[in-house]
Amino acid sequence: MAYDHSDIEKKAQQMWASLDLYRASEDPQKKKKYILDMFPYPSGEGLHVGHPKGYIATDIYSRHMRMKGYSVLHPMGWDAFGLPAENFALKNKTHPRKAVEQNITNFKAQLAHLGFDYDWSREINTTDPSYYHWTQWIFLKMLEHGLAFQSNEPINWCPSCMTGLANEDLDGAVCERCGTPVVKKNLPQWVLKITDYADRMLADLDLLEWPEHIKEAQRNWIGRSEGAEITFAIAGSDASVTVFTTRPDTIFGATYLVLAPEHVLIRNTELGIKNSEEVQHYVAATATKTEIERGAEGKEKTGVKLEGVSAINPATKEEIPIYVADYVLGGYGTGAIMAVPAHDERDYEFAKKFDLSIRTVVEAVTGKPQENPEFRKSIVALVVDKKNNKILTLDWGTELGGKLFIGGGREEGEDAAKAAAREIAEETGYTDLKLVDQTAIIHHSYFAYSKNVAREIEAIGFLFELNGDARQEQQLEHDEHGKFTVSWMPLAQAGQEVTETLHRTVFERLVLGHPHTGSGVLVDSGEFTGKNSEETKQAVVAAVGGKLVTRYKLRDWVFSRQRYWGEPIPVIHCPNDGVVPVPYEDLPVLLPEVESYEPTGTGESPLAAIDEWVNTKCPKCGGAAKRETNTMPQWAGSSWYYLRFMDPHDSDQLVSLKKEKYWAPVDVYVGGDHAVRHLIYARFWHKFLYDISVVSTLEPFKRLEFLGFILAEDGRKMSKRFGNVINPDDVVAEYGADAFRIYEMFMGPFENTTAWSTASIAGTARFVDRLWQIQDRVAPESVPALETLLHETIRKVTSDIETFKFNTAVSQMMIFLNAVEKEGTIGKEQWSMYLRVLAPFAPHVTEELWERMGEMSSIHLASWPAYDEALLVSSEKEVTVQVNGKRRGAVTLAVDASQETAVTEALKLPAVVAALGGKEQKRVVFVPGKILNLVV
RNA sequence: GCCAAGGUGAUGGAAUGGUAGACAUACAGGGCUUAAAACCCUGGGAAGGCCUAAAAACUUUCGUGUGGGUUCGAGUCCCACCCUUGGUACCA
């Protein structure tokens, strides 16, 4: 009788619902597990097969934990505010609330087909007033604690979505929603001071069991950098410029200053900027440029010198020019830098373009330090043929260093450039050359194998151009020694093939034009000359009267949206009292029901047009006042929803302390994407709530499992646009929910992105069907031949579920079923244990088989089977016999067999004897139970 | 450019430093069938050798992106490079 999934699934799902099987409760007798999916935005397109992957994983994990006796919280809800919902509603000419309701109904129906164990009594929806009441409450608390403030700084404005956006909402320089380039726009904005928490968010990453790449992404986003602020006086003025730098050690090489276009000094009229018109013109031009336009210019530097104004380098006391340039960002550091063109890529480009002086103050140190090195002076010479874009290389062969440029020693007192020319002539014969450039000294340590000596050299690199082809063949050194061959190599190829550190470094400096940006030995730096640059930073800062500071890339969170579909920001603007928070007892501030909610595009929210809503009374003075009309971004509701699941119906508080104590933190959080934004915002809010004693844990999500996506069969993203979307409803109808669930877990490692394969799902459907057939072969007595494998299977599935290695868990269960089929029978107790480990993966079919075994209660209430350790330790094991590391056979030995026994047994194998060939045994490696390696 | 993860059959993928390719898909051959589907059985990294009418069996060498290294033994550890994917980008 073939397995008919549709009836059995329906029956099981109805049974679970009627038993209320998955209701979570704070049972003090039990340990808890809080398992959470990133709750979805209920889109109009419905689910595709990629969505449930994470839900299946949490379903398996939570069913497993429930069977192990934990009190499990596994809830689901809807993140339904925000731009996508509003844009969807606009496009379909409906109200967002209606669209959301409809989409949720649709999503729930789709999820229901898959047999998930959510506790739907805790369902939440961020657009529900009883929910956003508390989103607004958190905002007011932040306002109270000075973490929410109004700002008029220029923000990212999306002209298509007609709203301001946070940095995190940008995809490069375009709006991540619609792909429109954003522009800078000045608008009064609510901003949250997330930067106050930067340090704690960075430090507490260490407390988390998260994938390393997510932690790293967060570290990069926070972007902590330690440096110094140093003040440069303006010559002949009281004014000054404070710069931020991470390289105070290079200050002796600071040959000019650069201000961001937004810098206040540029607007200082008393300074006497002679070309102020030109400067203001430049500032205005950069402000109107979109990020895209700036990007299109690449990294081509632009800027204008402030004529008639100069600064004084506090280290050298020299007067240096000041520029305004948009490669310096207004929002980072102090909006001003000291430019050290010799040791910074960007400053170098700028200095080259504007012909500014470049002063080397750090000499590079390369190679591996050697013991007792011999000191020498030397040169590296590059000879370039500009006509053919080729460079002269010497191939020494692999033993002697491979492909190099021209190198050699220089005598004490010998002019370095002359030494270079001499070496070129001696080694290649070329003499008609023009010297174009040279490097600073490079301190290089290496071991010269050809001469068997450790060396530390002071090398100078030279770049020559070839004038004529004339060669003095008779002088060539290689004629005598034949050690190397001379050839002209295309520049790009040389950049790949010449890998020796010193020669490569010279190539990078002189051909590629990269300045030395690393640490090294200070030169031309007054009292610090000769010291290590890295170790001198603090002393330099002290000497020039600067201070050490820490800066972050993370910006404060622009929190206002000029759109309808979001939580109203609960403040009132009063002509007398200014910004007045809505009293807590007046929450929630309801989003008014309106006919028209199109964005205005003027920077005003559509709410501003609703007079009867906007006009209100000031809670303080009782006079006429207006409501704030901006709404919150989509990320607001999702920044704390995991707390509400613990206590979803509490009308007095966000979450009760008692329930929070029981459930927090989230033990396992599962989702993809959102590596930065959602997780950083939620961590920020959580830490704030910790500070005001609403929550008791430092971090919201203890463990995070990152989810790999499912691509369409054609390897592209699943999208309506490509017409390659696969609806889980169709798959379930054809193959059944259990086969679908098992397939998604079997596809590969959970964190891998994999393409869907409808052909492969037939395999897991076959597995379920074969399982179904086996029920007729169950015997009363246990089958001894299956015993060890069964316990191995229980052990592997148990640990694989806990570590999210579902693919190998499925594989192991298939191996077991294959063995059962081979035996033709299985014992009743064995069948019971096997069904129970399979139950989290295939909840429906196992439920039915469980009932048919005569069990009265649900399999999902049964206890998780324990495995017998003793059965897993077999007394005999097959040991591979190797000769010189190559497999020559195998012997079966007792686990505690001695090496002598092993060797004796191995020598009985003809293949082993043949491989030994009568040679003397030098060594025997014996790993009991695994391997015997005879070395001759 | 920088940061992170990864590169294994036709495909998805297994493999505490110890028999590479588990498990599954696709494929090929066979069985069942009037036929097909379903189902069941068998096979398979590559090149060669031996024996043959042919095959099986047997056997040798090579084989986990490339080149080196450590080790009795490397897919796994170390070094350099190449490529793919994700994140990020004038952050001083």
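In what follows, chains are A, B, ... by sequence order, proteins preceding strands, each numbered from 1.
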What about A:H514 and A:Y348, are their ring centers closer than 6.0 Å?
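Not under 6.0 Å, so no.
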Please give the nucleotide sitting opposite B:U64 as a Watson-Crick or G-U wobble pair, both distances under 3.5 Å, or none.
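Across all strands, not a single nucleotide pairs with B:U64.
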Identified pairing partner of B:G6, criterion: Watson-Crick or G-U wobble below 3.5 Å:
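B:C83 - that is the nucleotide pairing with B:G6, both distances being under 3.5 Å.
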Euclidean distance for [atom1], [N] against [M] (whole angstrom):
N     : M     : atom1 : answer
B:G44 : B:G29 : C1'   : 11 Å
B:A55 : B:C72 : C1'   : 40 Å
B:C32 : B:G21 : C1'   : 32 Å
B:C77 : B:U84 : P     : 23 Å
B:C78 : B:A26 : C1'   : 39 Å

Side-chain N or O of A:N220 closer than 4.0 Å to phosphate OP1/OP2 of B:A89:
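Result: no.
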Once you round it to whole Å, what is the distance between [atom2] of [N] and [atom1] of [X]?
X      : N     : atom1 : atom2 : result
A:F706 : B:G6  : CZ    : C1'   : 14 Å
A:Y327 : B:G1  : OH    : P     : 22 Å
A:E212 : B:C3  : CD    : P     : 14 Å
A:F709 : B:G86 : CZ    : C1'   : 10 Å
A:Q882 : B:G18 : CD    : P     : 11 Å
A:I761 : B:A24 : CD1   : C1'   : 13 Å
A:E821 : B:C41 : CD    : C1'   : 13 Å
A:E349 : B:G1  : CD    : P     : 15 Å

Base, sugar-phosphate or nothing for A:I337? Non-hydrogen atoms, less than 4.0 Å.
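Base contact.
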Which residue lies more 5' along RNA chain B, comparing A:V925 with A:G330 via nearest heavy atoms
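It is A:V925 whose nearest nucleotide is closer to the 5' end.
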Closest to the A:D326 side chain, choosing from B:C90, B:A92, B:G12:
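Among B:C90, B:A92, B:G12, the one nearest the side chain of A:D326 is B:C90.
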As a test of reading the structure: which of B:A92, B:C90, B:C23 is closest to the side chain of A:S225, going by heavy atoms?
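Of B:A92, B:C90, B:C23, B:A92 is nearest to the side chain of A:S225.
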Can you tell whether the side chains of A:E792 and A:R795 come within less than 4.0 Å, N to carboxylate O?
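No, no charged N to carboxylate O under 4.0 Å.
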Has A:R359 got a side-chain atom pairing as donor or acceptor with A:A342's backbone, closer than 3.5 angstrom?
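Not a single qualifying donor-acceptor pair exists.
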Do the ring planes of A:F350 and A:Y327 sit parallel (below 30°), tilted (30 to 60°) or perpendicular (above 60°)?
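Judged by the thresholds at 30° and 60°, the geometry between A:F350 and A:Y327 is tilted.
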